[in-house]
Amino acid sequence: MAASIRPTSRLLLTLNHIKGSQRSFSVTRNAQQELKHIGVIGAGQMGLGIALVAARVAKVPVSLVDSNQASIEKSMKFMEKLLQKDISRQKLSDSEADEIRGRIKTSTDMSSALSSADFVIEAVPEILALKQSIFSQLASICPPHAVLSSNTSSIGITKIAAAAKGAESRVIGFHFMNPVPVSKAVEVIRGIQTSDETLQKTLELAKAMGKKPCTSVDSPGFLANRMLIPYINEAIICLEQGLGTKEDIDNIMTGGCAMPMGPLALADFIGLDTCLAIANVIHKDTGDTKYRPSILLAKMVDAGWYGVKSGKGFYEYENGRKKE
């Protein structure tokens, strides 16, 4: 993530990156034969990004499902903004944009929308009970060959799979990075129940979507967040203990360690509530005190200071842009 590019601008880079991905990857013959319909649950920023990449790069029909019609409408408006921006820059033709729009259907009814899905990607908030409820339903809604994946960033895949009675072997972690169309890698996490076939299908789809799959065992935080969240948490502790100002902490990492974004600015971009939720999962599941979340982080979340999305975190923001 480039520190000079604000989060909203990074999201507007999506179609340019997608266009480049198309030249590098194509759907394998097996994927073309088996993946005729992808389902994405959750029409937030992550869900929309996943649906857009699946429709644009993998060129597979997508059903974007959310229980909130307002969320769906908001996402579709944002998608249209992305498409129009790329058309204006002559990086996408009107006919290509129409093809993308035609591949994405929306629904508030999970049962009817996903009854023929070959691959499902759940992208709802990091709440174990919510995910378990969804996977319990998917086990009976989807065809017996469908892969049931979760975009969870920290919750154990084995725990989620246990709720999908009769379909446990078809559950896998499929963790996309934010913003989805821009990031080049994706984590693929195998639960204890996950079959070899499920793993292979997921790796194939990742490549078809223009992503570099990185496999991880089912361990708290997986690979990315097991390293990233402690790094961010330690930066917050440095601020909490007065080792330096927020600017000094971020500047030494960008200017001195060649990080593209300072840890505190990155935390604001991710969302402080999300950082805390992941930190709590890693701390609880490992039992290791080195992963204990910063007290300051917890206080800021209690105050409703979530970062960019709330307008205030370690820095202040207006319309997604950092105030100077």
Side-chain angles (χ1 to χ4, degrees), residues 28 30-31 33-42 46-47 50 54 60 63 65 110-111 113-177 185-209 211-226 277-278 280-288 291:
T28 65
N30 286 339
Q33 292 174 343
E34 297 177 12
L35 290 183
K36 298 179 181 179
H37 180 195
I38 292 175
V40 177
I41 303 173
M46 293 298 292
I50 293 168
V60 178
S63 290
V65 181
M110 187 167 70
S111 296
L114 304 183
S115 61
S116 64
D118 302 305
F119 201 111
V120 176
I121 305 169
E122 165 270 308
V124 302
E126 292 288 271
I127 302 171
L128 176 59
L130 174 60
K131 292 180 184 292
Q132 288 178 324
S133 174
I134 289 172
F135 277 80
S136 175
Q137 296 175 64
L138 291 177
S140 59
I141 291 172
C142 300
H145 67 273
V147 172
L148 311 178
S149 71
S150 174
N151 184 54
T152 180
S153 58
S154 60
I155 297 175
I157 299 304
T158 299
K159 291 180 182 178
I160 295 174
K165 301 301 182 185
E168 295 93 338
S169 66
R170 294 185 280 117
V171 177
I172 194 167
F174 205 16
H175 178 212
F176 291 83
M177 308 298 157
V186 61
E187 279 185 312
V188 177
I189 306 100
R190 185 173 187 168
I192 195 172
Q193 312 97 318
T194 307
S195 69
D196 291 340
E197 182 181 7
T198 296
L199 175 62
Q200 186 58 38
K201 287 182 178 180
T202 305
L203 294 175
E204 287 180 0
L205 178 57
K207 293 175 183 178
M209 292 175 70
K211 304 300 181 184
K212 182 175 183 178
C214 304
T215 58
S216 171
V217 298
D218 187 15
S219 181
F222 315 134
L223 286 176
N225 284 325
R226 187 69 167 265
I278 297 171
N280 279 330
V281 168
I282 297 174
H283 181 221
K284 176 179 178 294
D285 288 357
T286 62
D288 194 329
Y291 296 117

(Q) Would you compute the distance between atom CE of M46 and atom CE of M177 and round it to the nearest 0.5 angstrom? (A) 8.0 Å
Q. Does the D218 side chain pair with the main chain of R190, one donor and one acceptor, at a distance under 3.5 Å?
A. no
Q: Taking atom CD1 of I192 as the centre, report whether more than 12 heavy atoms of other residues, nucleotides or ligands fall under 6.0 Å from it.
A: no
**Q.** side chain to side chain donor-acceptor pair (under 3.5 Å) partners for T202, two or more places apart
**A.** none
(Q) Is there a side-chain contact between V171 and T198 in this structure, where contact means two heavy atoms from C-beta onward sitting under 4.5 Å apart? (A) no
Q.
Do L138 and M110 have side chains that approach each other closer than 4.5 Å (heavy atoms only, starting at C-beta)?
A. yes
Q. Are I41 and Q137 close enough that some pair of their side-chain heavy atoms sits under 4.5 Å apart?
A. no
(Q) Quick test of your reading: applying salt bridge (charged side-chain N to carboxylate O under 4.0 Å, His left out), list the pairs with at least one residue in residues 122-145, sequence neighbours left out, ordered by first then second residue. (A) E122-K131, E126-K131
(Q) Just verifying a value: how many Å separate F174 CZ and K211 NZ, rounded to the nearest 0.5 Å? (A) 9.5 Å
Q.
Do T152 and H175 have side chains that approach each other closer than 4.5 Å (heavy atoms only, starting at C-beta)?
A. no
**Q.** Whether E187 side chain and A224 backbone form a donor-acceptor pair below 3.5 Å
**A.** yes
Q: Locate the shortest heavy-atom distance separating S154 from F222; write the atom from each residue and the value.
A: N-CE1, 3.6 Å
Q: Using modelled atom types only, decide if a donor and an acceptor are shared between the side chain of R170 and the backbone of A146 within a distance under 3.5 Å.
A: yes
Q) So which heavy atom on A117 is nearest to which on P143, and how close? A) O-CD, 3.2 Å
Q) Between P213 and A206, which heavy-atom pair has the shortest distance, and what is it? A) CB-CB, 3.9 Å
Q. Just by distance, do the side chain of S136 and the backbone of S133 share a donor-acceptor pair under 3.5 Å?
A. no
Q | Over all atoms of both residues, closest heavy-atom pair of S153 and N225 | A | O-ND2, 2.9 Å
Q | Rounded distance (nearest 0.5 Å) linking atom CD1 of I157 with atom OG1 of T194 | A | 7.5 Å
Q: Carefully, step by step, assess I38 and L205 under the rule side chain to side chain contact (heavy atoms under 4.5 Å, CB included).
A: CA-CA 10 Å; I38 292 175; L205 178 57; 3.9 Å; yes
Q | Nearest-0.5 Å distance, CD1 of residue I121 to CG of residue L148 | A | 11.0 Å
Q | Euclidean distance, I189 CD1 relative to I155 CD1, rounded to 0.5 Å | A | 11.5 Å
(Q) Quick check: do I141 and V120 have side-chain heavy atoms less than 4.5 Å from each other? (A) no
Q.
For a 4.5 angstrom cut-off between non-hydrogen side-chain atoms, does T215 reach L203?
A. yes
Q) Of the non-hydrogen atoms in F135 and S150, which two are nearest, and what is the gap between them? A) CZ-CB, 3.8 Å
Q | Counterpart residues, side chain to side chain contact (heavy atoms under 4.5 Å, CB included), relative to R226 (two or more places apart) | A | S219, P220, I282, T286, Y291
**Q.** Nearest-0.5 Å distance that lies between atom NE2 in H145 and atom NZ in K201
**A.** 6.0 Å
Q | Smallest separation among heavy atoms of S63 and A113, with atom names | A | OG-O, 3.6 Å
Q | Donor-acceptor pair, side chain of Q132 and main chain of L130, under 3.5 angstrom | A | no
